[in-house]
Structure formats: C-alpha cells, structure tokens
Amino acid sequence: MTSQDPVSRRRTFAIISHPDAGKTTLTEKLLLFGGAIQLAGEVRAKANRRQTRSDWMGIERERGISVVTSVMTFEYGDCVYNLLDTPGHEDFSEDTYRTLTAVDSAIMVIDAAKGIEARTRKLFEVCRLRDIPILTFINKLDRETRDPFDLLDEIEKTLALDVAPLTWPLGSGRSFAGTYDLEHDLVRRIDRDSEPTKVSGPDDPFIKSLLSEADFRDTRDQIELARGGLKTFDKQSFLEGHLTPVFFGSALRNFGVRDLIDALARFAPPPQGLEAASRKVDAREDKMSGFVFKIQANMDPNHRDRIAFMRVCSGKLRRGMKAKLVRTGKNIAINSPQFFFAQDRQLAEEAYAGDVVGIPNHGTLRIGDTLTEGEDLVFRGVPSFAPELLRRVKIGDAMKAKKLREALGQMAEEGVVQIFLPSDGSNAMVGVVGALQLDVLAERLAAEYGLEVSFETSRFETCRWITAKDAELDRFMRAHPSSMAADLDGAPVFLAASAWDLKYEQDKWPEVTFSDIKDYQKAA
Ligand code: G4P
C-alpha cells in the first residue's frame, strides 16, 4: 500500500449487529481514532448538539433525522475509512440490504454474554449473498461473558463460517485484564491499550501478575488450546468470505478498537471491481462511475430536497463534472457533492472509488441509478425484493387520490416503500419488508403531503415480477386481469393470494418467469 494510491487507501465498511450489542458505542470509538470527533458521545448526542453548522443541520436536528450518520468518513494512519451506517431500528428494512451493497467489508459486533442474535444472523446472511469479508468483534468483555470457545463455536456452527481468533481475552467481567495477541505474543492491558507488552508466551509471569491464579491457569490452557485447535488466520479465506478474524474487547472502555481499525487497514479489501450488466468495472479505471444506494429526503421539507448517496465505483469524481444518468440517458451536473464527517459536511472537490458522496437533487436521482462519464453501465446489486407485506392504501378524502398517487410515487423513488398500481384501477398497493416501513410512510405522508392514510389488508399476500416472451406475457396478463399490477417503472407484477396460488400459476405457466428480486434498472 502506498499513500499515493487513493484506491488502495480506501476502506468502505459497515457494522452489523443486533440492537444493544454496541454498534453505536463502537462507531463513536472508531471515529475518535480518526480524530473525526472530539468527544465520544457525539454520535448519540447529535439530536441536541449546541451549534448549528448550517441550515441543513438545523433541519436535521428539528426533525430528529440523521443524515450525518448515513456515512462517516475519517482518516487514520494511511487509510481513509468510509463507515456506512445500517439503520438502527429493530425492524429489518430494504435500506439495510442496499447499504450492504455499497460496502467492501463489515464488522460484526457480538455481545459476549449473548452470542449470535437474530438480527446479526439476518444481516450476516445478507453479507453472505455477496461474500463480503467479515471481521468479528466480541464486545462487552468488561462484563460477565460466555466462554470464548462457546462463542466461537456458535459463530462457526450457526453462520457456517470459520473463525480465527487473533486476540484472546485475559479474564472476563471484573477480572478482565486485557487481551493476548495470538499473532505477535503481545499483551494489551485494558487500561493501556496503546502500549502492548511483549511476552514469551501464555505462561509469561507478566500475565500471571495481571490475573488471579485460577484465571491465569484457565487462560493459559485456553490459549494453548486455541492455538492448537482453532484455525489460523488465512487472508484469502477471509477475503472470500469463508473465515472471520475474531477480536475481543470492550467498546465502552475503548479497548480492542485499535485492533479492529488496524485489521481493517491490514486485511480488509480496498474497493474492488464491480459487476455491471455488461462487464466488470475495475475500481482503478480512469472514468468515473458510481451507483446510488440510498436517498435521504427531508433535507428541506419546503423544497423536497433530497440527498442521493452514491458510492463511487471507479475513476475520480470531480466537483462540477457532468455525469450521465444512465436510466434517462441525460447528463446531470454534479455541482455540490458532499462528504460527511461525524459532525460536519464538506463539499467534495474530488472523490475516488470506495468513497460515498451525497448529491443534493430534487428527485432526479433514484435508488439504483448509475452515473457514468458516458458509458451505458448498469451496476447490479441494488435490487428490489418482493415485499413480505402488501397493503392497500386508503385515503379518507377521495379528492386527494391524485395527490396520493404522486406522493406514493415519490416515496417509492426514495425506496421508502414499493408501490404497485393494480391494472383494474383499484387503490394503489404498497409493499414493504418490515411493518415499521408502513409507519414511516404514514408519518411522512401526513407531515409532508398533508395526507392522512390508513392501510388495509387485501386478498393478496405476495407478488412477483413476471417476464416472458411478449405473446406469452400478454396471454398471462389477459388471463389474470384482476391480479396484475405495475410497479414504479411500469414493470408487470403478478399479485398472488397465497404461496399456494403462486405455485399453482408457476406450474401452469412454465414459460413465464416469476421473480422475487428485481434489479432496479433492468425494467426501467
Ligand atoms: P447498539 O448501537 O448496538 O444498539 O448499542 P449501543 O452502542 O447503544 O450499546 C448498548 C448498551 O451497551 C449501552 O448501554 C452501551 O453503553 C453498552 N455497551 C456498549 N459497549 C459496551 C461494553 O464494551 N461494555 C459494557 N459494559 N457496556 C457496553 P445503555 O445503558 O443502554 O446506554 P447508555 O446509557 O450507556 O448510553
């Protein structure tokens, strides 16, 4: 790695965890390392920050939203780190999937007393879809924990992922004294993380001096067992997503965080090539390309301002450049791309592969959009998933039906929900992955459009995008006049009353493809 090469220096990653495992705390501590924030607590305390940096910040504060935490950029050592925030609420949303399409690696935080929890597992499965390399941080070692072997075994079994501990805890809970660096025979003490002590091995008298006699013996045996019985770190296997290096620590005590940040620099991949529909795009190509994975609205409710978060995939983005929006074929000027720091934002004069820039716009950019310097590239990997819940949107005042359609269209473009317009002209349907999305939709329709809506179940439970040769597609659509709808892009969608119904139609119409995933741009 050279400090001249901007791509090799980039590390774009996310933190995945179950709520309460310590993601926010770890984020704060990582940002502290980068000097991005002065005081731990800033991330959490953003809602009542004293100073307003700009009008935007004021709006953010007023509305309790956090654009700032969508992406956080900081520098440490030789690297530039882009930490992408996965939404914090418990409900699983499409936003989370999409954010994970824009990272090159992830840190999985596990509560040492709890092990693998439901949401960690789900997020992990999303990472696995793309074989994203995962580093594991076992957190809260300053509290009573489960046995380290138990935890490692659980990761290995439940996630089918090889584990290679690089550090080992010395004691736990009240007697937690620090960690043993298995690679380098170093001891890091909880109160002196930055000054490791070189030791001769796990039975070094220095370690004995830190622990009770019983803890010392246990730990020594464990380390020997770990070294003899567990996998050693293999970078290739990690990069392929088959093995995770494991670190133990306490985010709250800012212990073990340095190991993680160092590991990101040492092993985590810099931006790689990315598959587009037509070819693979290398991060080091000269021409700029990127895709939008998130839209944040509400920047200014009066102007319907939005920020599109774009990951640069290749080349160099320069402020003021013109870029082709491949979906429409039109050029747009990127006049004020933004970088985000923990408590600040700046105009991005230039950005490189792996960087995430916010592009303010009035609705021109949609999730999944590709921007290039002219080539018709379409990046794969910002998909739509068939919703798990379908609801009809009902509005009290029939006069407002048109306004509702427009508003729903905009919400769908932002990726808040998916919209399906039934071909029989009945009320629009919305599709979501988690129920919380419906609450967010209702709140936003009321606040931004003055529309009071309610949701009703319909006879449809699920839906699929359908494709087939023209004539066959026509035949299918004509045969199902009251079960057809169009999505935001006008692509045909079959509404099914049940899984059984869907299966029945699939068997009956073998020439028709029913898909539960749609790439945003394919049908556009
Ligand atoms: P999350 O974003 O993953 O939901 O977790 P968050 O960081 O908010 O942490 C959840 C709780 O766990 C917080 O306590 C936090 O202080 C605590 N925590 C995080 N890391 C550690 C650790 O290494 N050791 C210990 N002992 N606790 C840790 P809280 O009481 O819910 O919030 P707060 O009042 O401390 O802010």
Side-chain angles (χ1 to χ4, degrees), residues 94 97-98 129 275-278 326-329 366-370 376-395 401-402 404-413 415-433 437-438 455-524:
E94 292 193 284
Y97 284 105
R98 292 190 207 112
L129 288 175
E275 283 295 340
S278 48
V326 175
R327 178 171 47 82
T328 61
R366 282 193 197 171
I367 284 176
D369 273 343
T370 301
D376 282 335
L377 289 174
V378 175
F379 285 110
R380 295 191 177 131
V382 187
S384 260
F385 296 87
E388 285 170 20
L389 291 171
L390 275 175
R391 292 286 182 272
R392 271 194 209 278
V393 187
K394 206 177 143 208
I395 185 149
K402 185 159 171 264
L404 175 64
R405 276 249 164 131
E406 273 171 30
L408 287 175
Q410 286 179 4
M411 294 291 113
E413 282 173 20
V416 177
V417 288
Q418 293 181 50
I419 176 171
F420 302 103
L421 300 172
S423 312
D424 62 9
S426 56
N427 282 356
M429 303 186 73
V430 290
V432 293
V433 176
Q437 279 172 269
L438 291 174
F455 301 106
E456 288 181 327
T457 50
S458 76
R459 68 186 179 89
F460 300 114
E461 215 173 63
T462 186
C463 69
R464 291 290 182 271
W465 285 276
I466 54 166
T467 45
K469 295 226 171 67
D470 281 350
E472 186 69 356
L473 192 62
D474 276 354
R475 253 198 308 280
F476 182 85
M477 286 165 70
R478 264 187 277 115
H480 301 87
S482 56
S483 307
M484 291 305 304
D487 74 2
L488 180 67
D489 300 314
V493 173
F494 172 66
L495 304 167
S498 63
W500 186 89
D501 184 26
L502 178 63
K503 173 87 176 51
Y504 175 81
E505 298 295 342
Q506 281 171 319
D507 290 347
K508 199 170 155 201
W509 297 79
E511 303 294 312
V512 176
T513 308
F514 297 75
S515 14
D516 59 359
I517 294 183
K518 180 195 157 207
D519 201 300
Y520 263 79
Q521 292 200 329
K522 265 185 201 151

What is the minimum heavy-atom distance between [X] and [Y], and which atoms define it?
{"X": "Leu421", "Y": "Ala428", "result": "CD2-CB, 3.7 Å"}
{"X": "Leu377", "Y": "Ala276", "result": "CD2-CB, 4.0 Å"}
{"X": "Leu495", "Y": "Cys463", "result": "CD2-CB, 3.9 Å"}
{"X": "Asn427", "Y": "Val393", "result": "ND2-O, 3.4 Å"}
{"X": "Ser426", "Y": "Pro422", "result": "OG-CB, 3.4 Å"}
{"X": "Ala497", "Y": "Glu461", "result": "O-CB, 3.2 Å"}

(Q) Set out, in order, the CA-CA distance, both residues' side-chain angles and the distance that settles side-chain contact (heavy atoms from CB on, under 4.5 Å) for Glu505 and Phe494, then state yes or no. (A) CA-CA 10 Å; Glu505 298 295 342; Phe494 172 66; 3.6 Å; yes
Q: Give the intermediate values and the outcome of side-chain contact (heavy atoms from CB on, under 4.5 Å) for residues Ile419 and Asp487.
A: CA-CA 6 Å; Ile419 176 171; Asp487 74 2; over 6 Å; no
Report yes if some heavy atom in the side chain of [X] is under 4.5 Å from a heavy atom in the side chain of [Y]; otherwise report no.
{"X": "His480", "Y": "Trp509", "answer": "yes"}
{"X": "Ser482", "Y": "Arg459", "answer": "yes"}
{"X": "Arg391", "Y": "Ser458", "answer": "no"}
{"X": "Lys394", "Y": "Phe455", "answer": "no"}
{"X": "Val326", "Y": "Val378", "answer": "yes"}

Q) Between the side chain of Thr370 and the main-chain N/O of Phe379, is any donor-acceptor distance below 3.5 Å? A)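 Looks like yes, one N/O pair under 3.5 Å.
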Reported [atom1]-to-[atom2] distance for the pair [X] and [Y], which is rounded to 0.5 angstrom:
{"X": "Arg464", "Y": "Leu502", "atom1": "CZ", "atom2": "CG", "result": "5.0 Å"}
{"X": "Asp501", "Y": "Thr462", "atom1": "CG", "atom2": "OG1", "result": "10.0 Å"}
{"X": "Glu413", "Y": "Asp369", "atom1": "CD", "atom2": "CG", "result": "9.0 Å"}

Q: Please assess Ser483 against Met477 for the test side-chain contact (heavy atoms from CB on, under 4.5 Å), listing each intermediate value before the final yes or no.
A: CA-CA 8 Å; Ser483 307; Met477 286 165 70; over 6 Å; no
Q: Could you give me the CA-CA distance, side-chain angles and deciding distance for Ile466 and Leu473, then say whether side-chain contact (heavy atoms from CB on, under 4.5 Å) is met?
A: CA-CA 8 Å; Ile466 54 166; Leu473 192 62; 3.8 Å; yes
(Q) Once salt bridge (Lys or Arg N to Asp or Glu O under 4.0 Å) is applied, what residue pairs with a partner in residues 471-485 remain, sequence neighbours excluded? (A)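 Qualifying pairs, neighbours excluded: Glu472-Arg475.
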Q: Using a strict cut-off of less than 4.0 Å between a Lys/Arg side-chain nitrogen and an Asp/Glu carboxylate oxygen, indicate whether Arg366 and Asp489 qualify as a salt bridge.
A: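 Counted as a salt bridge, because a side-chain N and a carboxylate O are separated by less than 4.0 Å.
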Q) Would you call Glu456 and Arg392 a salt bridge, taking side-chain N to carboxylate O under 4.0 Å as the test? A)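 Salt bridge absent between Glu456 and Arg392.
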Q | Check: Phe476 ring centroid to Phe514 ring centroid under 6.0 Å | A |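 Between Phe476 and Phe514, the centre distance is under 6.0 Å.
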Q | Partners passing ring-ring contact (aromatic ring centres under 6.0 Å, His included) against Trp465 (at least two apart in sequence or in another chain) | A |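 Counting only residues at least two positions away or on another chain, Trp465 forms no ring-ring contact (aromatic ring centres under 6.0 Å, His included).
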Q: For Asp507, look at atom CG and say whether over 12 heavy atoms of other residues, nucleotides or ligands are found less than 6.0 Å away.
A: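 Counting neighbours around CG of Asp507, more than 12 heavy atoms of other residues, nucleotides or ligands fall under 6.0 Å, so yes.
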